[in-house]
Amino acid sequence: MTKFISVLKECLLFKGLTENDINTLIKNVNYNTKIYKKEEIIALEGEECSKIGIVLMGNLEIQKIYASSKVITIDKLKSGEVFGEVVIFSDLHKYPATIVSSVESNVIFIEKKT
């Protein structure tokens, strides 16, 4: 995890914290990392969201997929950017769009404690 501390340091959630602070914080939360291949789906629209995701490496696309098979990219996320942070604390807890890896990507997921 130490090789990604510099990425986390630039992340909005950890902004202003030292590397030591981030290391301590990460050691005290439930997290896992996962590598996704190009075009691999990370989350489907309507799926339950129980974790915050942070892109450690690579790029993701947030897509809206319509019944007609039309796909529209709503947003692109790069290293250090966060997803799921609004959804996890909403009343609905469901992803409003599909998240896909546009290149090989590494994502850390931090669990919400209840």
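Considering all non-hydrogen atoms of both residues, V100 and Q63 come closest at CG2-OE1, 3.4 Å. Heavy atoms only, all atoms of each residue included: E81 and K76 are closest at OE1-O, 3.7 Å.
Contact of the L60 side chain with the S102 side chain is not registered, since no non-hydrogen atoms from C-beta on lie closer than 4.5 Å. Here the side chains of L77 and D75 are in contact, with some heavy-atom distance below 4.5 Å. Between V55 and K78, every side-chain heavy-atom pair lies at or beyond the 4.5 Å cut-off.
In terms of modelled atom types and a separation under 3.5 Å, the side chain of S101 and the main chain of E39 share no donor-acceptor contact. Side-chain N or O atoms of E47 include one that pairs as donor or acceptor with a backbone N or O of L44 at under 3.5 Å.
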Residue pair F4, N106: steps toward the side-chain contact (heavy atoms from CB on, under 4.5 Å) verdict: CA-CA 10 Å; F4 294 115; N106 192 347; 3.4 Å; yes
Test side-chain contact (heavy atoms from CB on, under 4.5 Å) on N23 and I5 and set out the steps. CA-CA 7 Å; N23 257 325; I5 294 297; 3.6 Å; yes
Residues F14, I54; criterion side-chain contact (heavy atoms from CB on, under 4.5 Å); working and verdict: CA-CA 11 Å; F14 300 100; I54 303 169; 3.6 Å; yes
Does E85 form a side-chain contact (heavy atoms from CB on, under 4.5 Å) with K112? I'd like the steps, not just the answer. CA-CA 10 Å; E85 75 282 12; K112 175 186 175 189; over 6 Å; no
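Summarising the local packing, CD1 of I41 is surrounded by 12 or fewer heavy atoms from other residues, nucleotides or ligands at distances under 6.0 Å.
A donor-acceptor contact under 3.5 angstrom links the side chains of D21 and T18, judged on distance only.
Applying the salt bridge (charged side-chain N to carboxylate O under 4.0 Å, His left out) rule to pairs touching residues 51-74 yields E45-K64, sequence neighbours excluded.
In the hydrophobic clustering of this structure, V82 does not group with F109; members are Ile, Leu, Val, Met, Phe, Trp, Tyr whose side-chain heavy atoms approach within less than 4.5 Å, directly or through other members. No path of Ile, Leu, Val, Met, Phe, Trp and Tyr side chains, each step under 4.5 Å between heavy atoms, connects V7 with V107, placing them in separate hydrophobic clusters. Taken together through direct or relayed side-chain contacts under 4.5 Å among Ile, Leu, Val, Met, Phe, Trp and Tyr, L56 and I110 form part of one hydrophobic cluster. Follow the hydrophobic side-chain contacts under 4.5 Å out from I52 and you reach V29 in the same cluster. Grouping the Ile, Leu, Val, Met, Phe, Trp and Tyr side chains by contacts below 4.5 angstrom, directly or via other members, places I88 apart from I99.
The side chain to side chain contact (heavy atoms under 4.5 Å, CB included) search around S50 returns none, not counting sequence neighbours. Every residue two or more places apart in sequence or in another chain that forms a side chain to side chain contact (heavy atoms under 4.5 Å, CB included) with V103 is listed here: N59, S105.
Remark: of the listed residues T24, I26, L25, T24 is the sole one forming a side-chain contact (heavy atoms from CB on, under 4.5 Å) with N28.
Relative ring orientation between F83 and Y95 is described as tilted, the plane-to-plane angle lying within the 30° to 60° band.
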